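In this text, all values refer to a predicted model and were calculated from it rather than measured experimentally. The figures that follow rest on heavy atoms only: side chains count, while hydrogens, waters and symmetry mates do not.
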Amino acid sequence: MSLETTSTATDLQTKPSVCPLDCPDTCSLSVVTDGKHIIQVRGSNANPYTAGAICKKVSDYYPDFIHGERRLTQPLLRTGPRGSLEYKTINWEEAFDRVYDGLTSAIQKHGPQSVLPLNYAGPHGQLAGGSMDFRFFHKLGATQLDRGPLCGAVRGTAYTSLFGNAPGMEPEQAAKSDLIVVASNNVTVSNLHLARIIKAAKKNGAKLIVIDPKKVKIAEQADLYIQIKPGTDIVLFLALAAELEKRSALDTEFIERWVHGIEEYLTAAKKYSLEDAAKICEIPLEQIQEFLSIYTEAKNVSMSVGNGAERGHSGGSSIRAAMALQVITGNMGRAGAGVIAKQGLAFPATTGKLRRPDLIPEGTRMLNIVDVAKHILDDSLAPPIKAVFIYNHNPVCTHPDQNRMRRALSREDVFIVGCDVEMNDSMAYADVILPASSHFEFPDIYAAYGQAHLQRSEPVIPTVGNSLPNTEIFRRLAARFGFNDDLFKADDYQLMDEAYDLKSPQMKGLRPSEVPLDRSLPMLAENDQELIMCATVFPATKSGKIELYSEDMEQQFGYGLPRYEEVTQDLPFALISPSSSKRTNATFGGHAESIAIEQLEIHPQDAQAKGITDNSKVKIWNALGEVILLAKVSDKVKPGVFYSPKGTWLKSSDSNQTVNALINSETRTDIMSGACYNDTFVDIAPA
């Protein structure tokens with residue numbers, strides 16, 4: 001029986017909420033409930049940017065996520081082999097005792113750094129995503145985890161290398177552009193509300209250029225679509241910069257006032273001609289010329305550079321070079337001209353007050369999240385990792401080299417705690433599972449990384465079963481470990497008030513815990529002005545200018561300037577694994593619409609050469625693994641390039657592996673040592 005049939009219309013209430021998923025848009029929601037169940041999830045107008053529109057997965061899949069058969073409602077203790085899903089129910093007291101015994105056993109034998117919290121970005125609420133949990137692990141003295149390299153740090157650092165910690169252009173301003181450039185951003189899947197802004201701008205006469213290895217849906221609206229070879233974006237943008245200088249099309253006045261490192265940057269750019277770019281990027285020279293024509297005729301250009309480019313070795317350089325094109329042409333300093341990125345920097349966050357890094361013992365090590373499996377398997381690591389606490393994360397389905405992660409989590413001498421809303425492929429390896437409440441069941445406050453509106457939510461239903469919010473789980477764990485300081489007793493509303501600067505004019509005199517539920521709070525510049533780089537907000541770099549040459553990037557990574565480095569391809573096909581319209585990363589991966597065999601898009605030329613027909617099973621493989629997928633023959637992908645969405649669960653493939661099994665975790669990005677998901681090479685055959 002569906003939830004819709006269990007309640008009468010008179011029982012139903014509609015309550016405000018916020019979407020917590022790892023997505024730039026952070027939509028306001030309107031939730032229909034009977035007081036106990038989530039009946040329906042719709043968009044609301046509380047956030048004027050998201051304005052009532054939400055993605056299909058949130059509207060259709062959340063009731064099953066909250067109330068379906070995979071929902072965790074009781075603490076569980078493993079009784080069978082790891083991965084067997086053999087568990088028995090225990091009470092919370094025993095669960096906390098088991099966690100205490102497992103962690104303290106590792107600490108007594110190897111020290112506190114033998115404990116590793118393995119979390120990423122399940123919920124994006126400030127409380128659930130990183131508050132009491134950070135306090136607990138900091139006080140415990142556990143190993144620190146550098147989480148950004150898994151996703152986001154490359155793009156974020158590329159941006160801040162130019163602009164510092166100053167927010168970029170708000171997406172709403174693109175409505176005032178006469179040209180919008182979208183690079184490596186599958187807008188309709190990963191940035192839904194920008195698509196509406198683009199549509200409005202085009203209605204007003206704006207043009208659209210899309211640069212992407214696949215002809216994604218937004219490209220169908222483009223005035224110019226450039227189907228670039230994966231990983232070569234930097235070459236295109238450097239060649240464009242050099243050509244613009246040759247044509248005297250740079251904004252010399254803006255450069256003089258606002259730009260540092262122009263000479264060094266243009267010297268690097270001149271290494272590539274337009275002909276070089278056409279050859280390396282595998283695009284027609286005529287398209288590059290057309291780009292230049294459209295771009296130089298536009299007066300207000302906005303650019304959205306998505307996370308796609310960061311998933312290759314030259315990702316940091318590609319993003320820096322794309323953004324630099326806006327800088328050298330003076331597409332800054334006015335509404336409708338700029339780089340749509342890092343709006344999260346507009347929020348007056350007091351992260352240190354919320355997470356308390358001052359509790360971290362001096363000398364505590366920091367490990368890259370991409371290396372977690374390698375470190376768990378490394379007996380020579382000093383101290384070794386002997387306890388892992390997985391929460392807000394599904395590493396089996398999201399990390400590179402999936403099979404190595406599974407081997408690591410299969411070690412019987414490593415104590416594993418799992419904490420999640422539903423049973424997933426990673427929870428199946430835990431010794432003890434703690435059932436977490438969903439964001440519909442506790443209060444939280446939400447910033448965003450793709451728009452600048454602060455939002456708050458209250459629970460819309462009671463906690464399901466015996467689940468507990470993350471904050472309460474870690475409060476109780478802190479008490480079990482004897483952490484009696486007041487900071488471990490702070491309630492959720494105190495935590496909210498510690499998340500943001502109460503004195504910031506952006507808060508309009510409101511405490512964070514008082515932000516209204518029926519509207520969002522815009523994070524504006526001084527005197528309530530729009531966020532406009534070099535007009536209302538300013539570069540927060542050491543030089544006070546936009547840094548095309550970065551001394552910090554040179555010292556940290558050896559990339560003071562963007563630089564292209566070709567990746568050696570050892571197998572005939574490149575595999576790209578972008579976001580899915582059915583999942584947000586791996587969230588909803590267990591839903592019926594997502595658990596079936598996933599598609600692999602393949603160009604007709606490659607399909608014919610390999611004897612593959614549309615809608616037939618295929619196997620793709622390399623030295624790391626083998627995955628079974630369903631072929632979709634399509635000319636929307638380039639010859640030699642496969643396209644299969646990320647975030648699938650193990651059941652989706654007959655080989656019990658997903659595309660993450662094929663991704664080499666040792667290949668890294670130029671800056672931030674990030675994961676190179678798109679530098680994956682495979683072969684293919686009919687299954």
Side-chain angles (χ1 to χ4, degrees), residues 83 149-151 213-214 229-231 307-308 310-313 315 369-374 377 394-410 425-426 567-580 582-583 585-586 589 594-603 606-607 610 612 616-632 637-669 673-687:
L150 193 66
C151 180
K214 181 193 170 184
K229 179 182 178 181
N307 278 28
E310 80 158 17
R311 295 163 68 88
H313 170 68
I369 192 171
V370 183
D371 292 323
V372 161
K374 178 174 69 175
L377 291 167
N394 186 349
V396 167
C397 296
T398 55
H399 278 239
D401 201 344
Q402 181 178 79
N403 288 324
R404 182 162 70 171
M405 176 61 73
R406 294 169 74 182
R407 291 194 300 274
L409 297 181
S410 294
D425 289 335
S426 297
V567 176
T568 301
Q569 182 167 336
D570 58 351
L571 286 169
F573 301 98
L575 172 67
I576 296 176
S577 50
S579 295
S580 168
K582 299 177 183 178
R583 301 173 292 278
N585 296 322
S594 201
I595 205 67
I597 187 170
E598 185 55 87
Q599 288 186 336
L600 177 88
E601 293 191 48
I602 177 174
H603 192 273
D606 297 328
K610 289 289 188 174
I612 291 165
S616 65
K617 282 189 177 183
V618 295
K619 62 178 179 180
I620 59 172
W621 72 90
N622 59 24
L624 297 174
E626 178 181 295
V627 185
I628 307 299
L629 298 161
L630 196 67
K632 180 182 180 182
V637 295
K638 287 176 72 68
V641 178
F642 297 158
Y643 194 95
S644 189
K646 66 179 178 179
T648 50
W649 289 17
L650 300 176
K651 282 184 180 179
S652 67
S653 170
D654 292 345
S655 68
N656 203 35
Q657 300 171 51
T658 75
V659 292
N660 285 60
L662 310 176
I663 298 163
N664 187 340
S665 64
E666 299 301 317
T667 304
R668 298 300 172 84
T669 53
S673 193
C676 290
Y677 291 90
N678 288 349
D679 289 339
T680 298
F681 306 111
V682 299
D683 208 339
I684 190 169

_Worked check of side chain to side chain contact (heavy atoms under 4.5 Å, CB included) between Leu575 and Ser644_ = CA-CA 7 Å; Leu575 172 67; Ser644 189; 4.2 Å; yes
*Residues two or more places apart in sequence or in another chain: which of them pass side-chain contact (heavy atoms from CB on, under 4.5 Å) with Thr648?*
Arg583, Glu598, Ser652, Thr658
_Residues forming a salt bridge (Lys or Arg N to Asp or Glu O under 4.0 Å) with Glu601, sequence neighbours excluded_ = Lys214
*Is there side-chain contact between Gln402 and Leu624, with at least one heavy-atom pair below 4.5 Å?*
no
*Closest non-hydrogen atom pair between Asp425 and Cys397, with its separation*: OD2-SG, 3.3 Å
*Has the side chain of Asp606 got a donor or acceptor atom that lies under 3.5 Å from a matching backbone atom of Gly640?*
yes
*Using a 4.5 Å cut-off on heavy atoms from C-beta on, say whether the side chain of Arg668 contacts that of Asp371.*
yes
*Are Trp649 and Asn394 side-chain neighbours, meaning at least one heavy-atom pair lies under 4.5 Å?*
yes
*By side chain to side chain donor-acceptor pair (under 3.5 Å), which residues pair with Gln657, not counting sequence neighbours?*
Asn403
*Which residues share a side chain to side chain donor-acceptor pair (under 3.5 Å) with Asn656, sequence neighbours left out*: none
*asked:* Listing request: all salt bridge (charged side-chain N to carboxylate O under 4.0 Å, His left out) pairs with a residue in residues 657-666, at least two apart in sequence or in separate chains.
replied: Lys374-Glu666, Arg404-Glu666
*Give, for atom CG of Leu629 and atom CD1 of Ile620, the distance between the pair rounded to the nearest 0.5 Å.*
5.0 Å
*Could you tell me which non-hydrogen atom of Gly312 sits nearest to which non-hydrogen atom of Thr669, and how far apart they are?*
O-CG2, 3.3 Å
_Shortest non-hydrogen separation from Pro400 to Ile663 and the atoms involved_ = CB-CG2, 3.6 Å
*Should His603 and Val641 be marked as a side chain to side chain contact (heavy atoms under 4.5 Å, CB included) after you check the CA-CA gap, both sets of side-chain angles, and the distance that decides it?*
CA-CA 8 Å; His603 192 273; Val641 178; over 6 Å; no
*Is there a side-chain contact between Pro578 and Tyr643, using heavy atoms and a 4.5 Å cut-off?*
yes
*State which residues pass salt bridge (Lys or Arg N to Asp or Glu O under 4.0 Å) with Lys617; sequence neighbours excluded, sorted by chain then number.*
Asp654
_Between Val659 and Leu600, is the side chain to side chain contact (heavy atoms under 4.5 Å, CB included) condition met? List the steps._
CA-CA 10 Å; Val659 292; Leu600 177 88; 6.0 Å; no
*asked:* Going by the rule side chain to side chain donor-acceptor pair (under 3.5 Å), which residues pair with Thr667 if we only count those two or more places apart in sequence or in a different chain?
replied: none
*Straight-line distance of Ile595 CD1 to Ser653 OG, nearest 0.5 Å*: 11.0 Å
*Where is the tightest heavy-atom contact between Ile612 and Ala631, given as atom of each residue plus distance?*
CG2-CB, 3.6 Å
*Would you please name every residue forming a ring-ring contact (aromatic ring centres under 6.0 Å, His included) with Phe573, sequence neighbours left out?*
Phe642
*All side chain to side chain donor-acceptor pair (under 3.5 Å) counterparts of Asn585, not counting sequence neighbours*: Asp22, Lys646
*When Leu409 is tested against each of Met405, Arg407, Arg406 for side chain to side chain contact (heavy atoms under 4.5 Å, CB included), which residue passes?*
Met405
Would you give me the side-chain donor-acceptor pairs under 3.5 Å for residues 675-687, sequence neighbours excluded?
| residue | atom | partner | partner atom | Å |
| --- | --- | --- | --- | --- |
| Tyr677 | OH | Thr398 | O | 2.8 |
| Asp679 | OD2 | His313 | N | 2.7 |
| Thr680 | OG1 | Tyr677 | O | 2.7 |
| Asp683 | OD1 | Lys610 | NZ | 3.1 |

*Identify the two heavy atoms, one from Ala373 and one from Ala408, that lie closest to each other, and give their separation to 0.1 Å.*
O-CB, 3.7 Å
*Test Asn660 against Ser577 for side chain to side chain contact (heavy atoms under 4.5 Å, CB included), laying out the working first.*
CA-CA 8 Å; Asn660 285 60; Ser577 50; 5.6 Å; no
*If you measure from SG on Cys151 to CZ on Arg311, what distance do you get to the nearest 0.5 Å?*
6.5 Å
*asked:* Once side-chain contact (heavy atoms from CB on, under 4.5 Å) is applied, do any residues pair with Ser410, and if so which ones, sequence neighbours excluded?
replied: Tyr429
